[in-house]
There are 2 protein chains.
Amino acid sequence: MRPEPLGYDSAMGTGPARQPSRQASRLPPITPAQIIDRAVELTRDHGVDGWTIRQLAAALQAWPRVIGYHVGDRDAVVHGVVEHVVAQIPVPSADTPWPEWFRRILHDARPILRRHRGTARQIVVLGPVVTSFAPALDAGIGSLLRAGFGDHALDIYRYLANIAFMLVAAEDERDDFPHARATNNQFLASYRDDDAHPGLAAAARIAGERPLNRESIERQERDFFDQSIERSIAGAEVLLREILDRR
Amino acid sequence: MRPEPLGYDSAMGTGPARQPSRQASRLPPITPAQIIDRAVELTRDHGVDGWTIRQLAAALQAWPRVIGYHVGDRDAVVHGVVEHVVAQIPVPSADTPWPEWFRRILHDARPILRRHRGTARQIVVLGPVVTSFAPALDAGIGSLLRAGFGDHALDIYRYLANIAFMLVAAEDERDDFPHARATNNQFLASYRDDDAHPGLAAAARIAGERPLNRESIERQERDFFDQSIERSIAGAEVLLREILDRR
DNA sequence: ACCTGAACACCGTTCAAGT
DNA sequence: ACCTGAACACCGTTCAAGT
């Protein structure tokens, strides 16, 4: 939750560290694109909530005010970062059958979003304001319409996309509480032989069999994501069959 | 995203406003329970991210340090708030058939969590560390085991609970961007007659038919929540049938 | 044991000049 | 048009005393 401190020399509190100022070193004017690019880099290294406007300014060798001048407030910068990240997600062609279309795009989106912690949450909050999502929305809705979802297409798109992005957002946030997983496992383990709580005892047994090293946790998270998507597609398929049967 | 300013007279920056201090007025020592109760009230009025330690202290007529002394840092206070809120969710008995068990608890949890904005997100992040969740976990897993989910019981519980709480969390966060919905609708509407983007055009048409007044938006959100749960239960049912067929 | 102040090291944003 | 400083109004947490 709390952003880790960065390495920048921002000892002065205000001001772009001790580096010479842009004007003094006759640097060219900063562009909005440069600001967003730097913000994307900082997001890659520290997550969306892991850098401050002041640190971004320092990284650009500029004063905080410059960012406000060219891009806007912090929310505007974050929005720019999200647009940049979303644009990297490959969009399957609209004639892909809908289950495969969603499997593919959501599977590909996960690592891209995970590499930029906190962007998944922003996508859920902002919604289609993220204009670089337009191609995905167009193709995805198109794919659902051809399958016969009719007026349910929009809600099913939202259902599947929301679940995927929210799951990634949850993974992102749990990264910031590395101790929480251990505490949770300990808590569950304490019920292992508790006959009065058979559900908790079973949960403890199931969770207890899973290895806890870094890479196997990563695999478990990926599996849970993939299976959740698979189940949700199955749920949507049930609805589709109902719609088609009704005709 | 940004907390709205509260009405407290915290003009002094530090210190519990102008009220007489606890010691001077011979008030009894503050208890952790009192601190959490007040924090729950503030959460009800302004959301988990809508109050500061300093404002909580002012509401208690105490200095910020007192909260750290009795409860801990801000995360500890928030954890206390979450425990208090989760304890209010009624847990259906363990012999309820699993689809009905989840329908009931998730349906009942939504308004309680919505009344305390930001707590749903905390639940997803914290996981079972929230000890007041133990009864629900015990009964829910029990219900899934009796249905025949076997070792999948834990993951299915996580799947259904995660989706519900994440959906509520997303609703909470969108409350803080009331303009985002309007912007999104405008954005979609601009594609209404765009033949080059049939998917977006269809989405615009579907969204355009929905009324935009406050109460009908609330109903749409509730419906989307209920239908998402229903679809996810259907997805879990598909898995259950596979498991049972395999035997 | 519990509370009081003040201080510390931060935030994002704004203001008024400068070049 | 763009950048520079300083200032403003906040944060959460810590420190050193007080009662």
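Remember, predicted model here, so these are calculated numbers, not experimental data. Just so it is clear: chains get the letters A, B, ... in the order the sequence lines come, proteins before strands, and each one is counted from 1. Values below: all heavy atoms of this structure, side chains included; hydrogens, waters and symmetry mates excluded.
Taking only side-chain nitrogens and oxygens, Trp63(B) comes nearer than 4.0 Å to OP1 or OP2 of dT4(C).
Taking atom OH on Tyr69(A) and atom C1' on dA1(D), their separation rounds to 4 Å, with Å as the unit. Note: CD1 (Ile30(A)) to C1' (dT4(D)) measures 13 Å, nearest angstrom. The CD1-P distance, from Ile53(A) to dC8(D), rounds to 21 Å in whole Å. One interatomic measurement links the two molecules: CG of Asp75(A) to C1' of dT13(C), which rounds to 12 Å at whole-angstrom precision. When rounded to the nearest whole Å, the span between CG of Leu60(B) and P of dT4(C) equals 12 Å. Rounded to an integer number of Å, the gap from Asp73(A) CG to dA9(D) P is 20 Å.
Among residues at least two apart or in separate chains, side-chain hydrogen bond (donor to acceptor under 3.5 Å, both in side chains) pairs with a member in residues 179-190 of chain A are Arg181(A)-Glu221(A). Annotation: salt bridge (Lys or Arg N to Asp or Glu O under 4.0 Å) contacts involving residues 27-37 of chain A, sequence neighbours excluded, are absent.
Checked against salt bridge (charged side-chain N to carboxylate O under 4.0 Å, His left out), Asp175(B) has the following partners two or more places apart in sequence or in another chain: Arg114(B). The ring pair (Phe, Tyr, Trp, His ring centres under 6.0 Å) check on Phe102(A) picks up Tyr157(A), with sequence neighbours excluded.
The side chain of Gln55(A) lies closest to dC11(C), out of dC11(C), dG12(C), dC3(D). Nearest nucleotide to the side chain of Thr52(B), out of dC11(C), dC3(D), dG12(D): dG12(D). Which of dA7(D), dC11(D), dA1(D) sits closest to the side chain of Arg54(B) comes down to dC11(D). For His70(A), whose side chain is taken as the heavy atoms from C-beta onward, the closest listed nucleotide among dC2(D), dC3(C), dG12(C) is dC2(D). Comparing atom distances between the Val66(B) side chain and each of dC3(C), dG12(D), dT4(D) picks out dC3(C) as nearest.
No donor-acceptor pair under 3.5 Å is formed between the side chain of Gln88(B) and the backbone N or O of Val85(B).
With respect to Glu171(B) and Arg117(B), no salt bridge is recorded, no charged nitrogen being found less than 4.0 Å from a carboxylate O.
Stem regions annotated for DNA chain D: C:4-8 with D:12-16, C:12-16 with D:4-8, counting only runs of 3 or more consecutive pairs of Watson-Crick or G-U type with both contacts under 3.5 Å.
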Please list, pair by pair, any protein nitrogen or oxygen found under 3.5 Å from a nitrogen or oxygen in nucleotides 15-17 of chain C.
from, atom 1, to, atom 2, distance (Å)
dC15(C), N4, Arg65(A), NE, 3.2

Under the side chain to side chain contact (heavy atoms under 4.5 Å, CB included) rule, what do Ile67(B) and Asp73(B) come out as? Steps first, then yes or no, please. CA-CA 8 Å; Ile67(B) 291 162; Asp73(B) 62 12; over 6 Å; no

